[in-house]
Undergrad: 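The structure is given below, and queries will be raised subsequently.
Quantities reported herein were computed from a predicted structural model and do not represent experimental measurements. We name chains A, B, ... by the order of the sequence lines, and we start the count at 1 in each one.
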Amino acid sequence: MRDTESFYHRAVRIIKSIPKGKVATYGLIAHLAGSPRAARQVAYILSSSWKKHSLPWHRVVNSRGCISLKPGRGYEEQRELLEKEGVLFRDDGSLDLTDYQWKPEKDLADMEDF
DNA sequence: AACCTGACTTCGG
DNA sequence: TCCGAAGCCAGGT
């Protein structure tokens with residue numbers, strides 16, 4: 001059996017476990033789910049079925065700590081949701097990953113170089 | 001089966 | 001530091 005299904009479910013599970021007030025990058029989620037390079041797939045999962053799994057989609061940002069969504073296509077909504085959880089944005093629209101990025105406990109991860 | 005597409009990431013100029 | 005190109009993964013057509 002291919003691993004794609006597992007990846008999907010693992011990714012969903014990981015996204016669900018992102019605590020309020022924290023964020024995770026696409027790459028980190030992909031990494032934890034077992035495919036370090038599948039960041040795009042994580043994005044796909046969010047856009048296609050965040051509703052289906054009640055995922056906290058707004059807690060996922062790109063590697064620079066910015067919202068990947070374009071203005072008018074969810075950007076403002078995501079930013080608002082995050083601000084409601086206490087996340088502060090800089091003038092350029094980015095947030096401080098060193099403060100907000102979720103660091104999962106060793107349960108889920110078999111991260112090699114952490 | 002082949003090609004296109006995307007809420008990404010990384011590297012080189 | 002900023003911009004463009006290439007690499008990657010999986011779903012949709």
Side-chain angles (χ1 to χ4, degrees):
Chain A
M1 190 62 174
R2 191 112 173 61
D3 200 44
T4 60
E5 219 169 332
S6 301
F7 174 80
Y8 180 92
H9 285 300
R10 266 180 281 163
V12 167
R13 184 178 175 72
I14 290 166
I15 295 168
K16 276 187 176 178
S17 59
I18 301 173
K20 182 183 175 191
K22 290 288 182 179
V23 301
T25 64
Y26 299 92
L28 176 62
I29 294 169
H31 195 281
L32 296 177
S35 293
R37 310 290 177 178
R40 304 193 77 146
Q41 195 54 26
V42 174
Y44 177 82
I45 292 172
L46 288 173
S47 64
S48 68
S49 46
W50 64 270
K51 217 165 193 174
K52 182 174 168 185
H53 298 285
S54 306
L55 302 178
W57 58 276
H58 56 283
R59 301 195 187 126
V60 185
V61 298
N62 66 28
S63 65
R64 299 176 324 190
C66 295
I67 291 175
S68 284
L69 292 171
K70 293 171 185 174
R73 305 226 338 188
Y75 173 88
E76 313 210 341
E77 188 182 355
Q78 178 169 13
R79 175 160 176 167
E80 190 178 337
L81 286 169
L82 285 174
E83 289 179 329
K84 255 182 223 171
E85 298 189 347
V87 176
L88 301 179
F89 287 81
R90 304 198 187 98
D91 291 337
D92 64 356
S94 69
L95 52 81
D96 194 334
L97 282 178
T98 59
D99 282 346
Y100 297 118
Q101 182 163 183
W102 172 51
K103 315 276 191 192
E105 304 305 325
K106 46 267 178 185
D107 307 338
L108 306 158
D110 54 312
M111 358 193 206
E112 304 119 40
D113 33 86
F114 258 161

Undergrad: At 4.0 Å (heavy atoms only), tell me whether A:Arg73 reaches a base, stays on the sugar-phosphate, or touches nothing.
TA: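 Sugar-phosphate contact only.
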Undergrad: Could you state the atom-to-atom distance from CG of A:Asn62 to P of B:dT9 in whole Å?
TA: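 Result: 5 Å.
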Undergrad: So, is A:Ser68 close to the B:dC8 phosphate, meaning a side-chain N or O under 4.0 Å from OP1 or OP2?
TA: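 Answer is yes, contact under 4.0 Å.
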Undergrad: Within this structure, what is the CD1-to-P distance between A:Ile45 and C:dA10, rounded to whole angstrom?
TA: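 After rounding, the reported distance stands at 10 Å.
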Undergrad: Ignoring backbone atoms, test whether A:Ser63 places a side-chain nitrogen or oxygen under 4.0 Å from the OP1 or OP2 oxygen of B:dC8.
TA: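 Checking B:dC8 against A:Ser63, no side-chain N or O comes under 4.0 Å of OP1 or OP2.
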Undergrad: May I have the distance from A:Asp92 (atom CG) to C:dT1 (atom P), rounded to whole angstrom?
TA: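 So the CG-P distance, A:Asp92 to C:dT1, works out to 12 Å.
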Undergrad: Atom OH of A:Tyr44 to atom C1' of C:dT13: distance rounded to whole Å?
TA: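 In whole Å, C:dT13 C1' and A:Tyr44 OH are 12 Å from each other.
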Undergrad: Test your reading of the model: is there a side-chain donor-acceptor pair from A:Glu77 to the backbone of A:His58, 3.5 Å cut-off?
TA: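 It does not hold such a pair.
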Undergrad: Choosing from B:dT9, C:dG11, B:dA7, which nucleotide comes nearest the side chain of A:Gln41?
TA: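 Closest nucleotide to the A:Gln41 side chain: C:dG11.
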Undergrad: Whole Å only: how far is the CD atom of A:Glu77 from the C1' atom of B:dA7?
TA: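 It works out to 13 Å between those atoms.
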Undergrad: Heavy-atom distance under 4.5 Å between the side chains of A:Leu55 and A:Lys16, does that happen here?
TA: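 A side-chain contact exists here, since the closest heavy-atom pair is under 4.5 Å.
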Undergrad: Write down the distance between CG (A:Leu69) and P (B:dG6), rounded to a whole number of angstrom.
TA: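 A:Leu69 atom CG is separated from B:dG6 atom P by 13 Å.
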Undergrad: Report the residue (A:Gln78 or A:Arg37) whose heavy-atom-nearest nucleotide on DNA chain B is the more 5′ of the two.
TA: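 It is A:Gln78, whose closest nucleotide lies nearer the 5' terminus.
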Undergrad: Strictly below 4.0 Å: does A:Tyr26 bring a side-chain N or O up to OP1 or OP2 of C:dC9?
TA: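 No, A:Tyr26 has no side-chain N/O under 4.0 Å of OP1/OP2 on C:dC9.
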Undergrad: From the list B:dC8, C:dA10, B:dA7, which nucleotide is the closest neighbour of the side chain of A:Trp50?
TA: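 Nearest nucleotide to the side chain: B:dA7.
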Undergrad: Among A:Lys20, A:Lys22, A:Arg59, which residue meets the salt bridge (Lys or Arg N to Asp or Glu O under 4.0 Å) test with A:Glu85?
TA: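 Result: among A:Lys20, A:Lys22, A:Arg59, A:Arg59 is the only option passing the salt bridge (Lys or Arg N to Asp or Glu O under 4.0 Å) with A:Glu85.
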Undergrad: Return the value, rounded to whole Å, for the distance between atom NZ of A:Lys70 and atom C1' of B:dT5.
TA: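 It is 12 Å, rounded to the nearest whole Å.
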Undergrad: Does A:Arg40 make a side-chain donor-acceptor contact with the base of C:dG7, cut-off 3.5 Å?
TA: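 Under the 3.5 Å cut-off, the side chain and the base do form a donor-acceptor pair.
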Undergrad: Under 30°, 30 to 60°, or over 60°: which ring-plane class applies to A:Trp50 and A:Trp57, parallel, tilted or perpendicular?
TA: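 Tilted.
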Undergrad: Not counting sequence neighbours, list each pair that qualifies as a side-chain hydrogen bond (donor to acceptor under 3.5 Å, both in side chains) and has a residue in residues 39-49 of chain A.
TA: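 Listed by first then second residue: A:Tyr8-A:Ser49.
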Undergrad: Round to a whole Å and report the spacing from CZ of A:Arg10 to C1' of C:dC9.
TA: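 Result: 14 Å.
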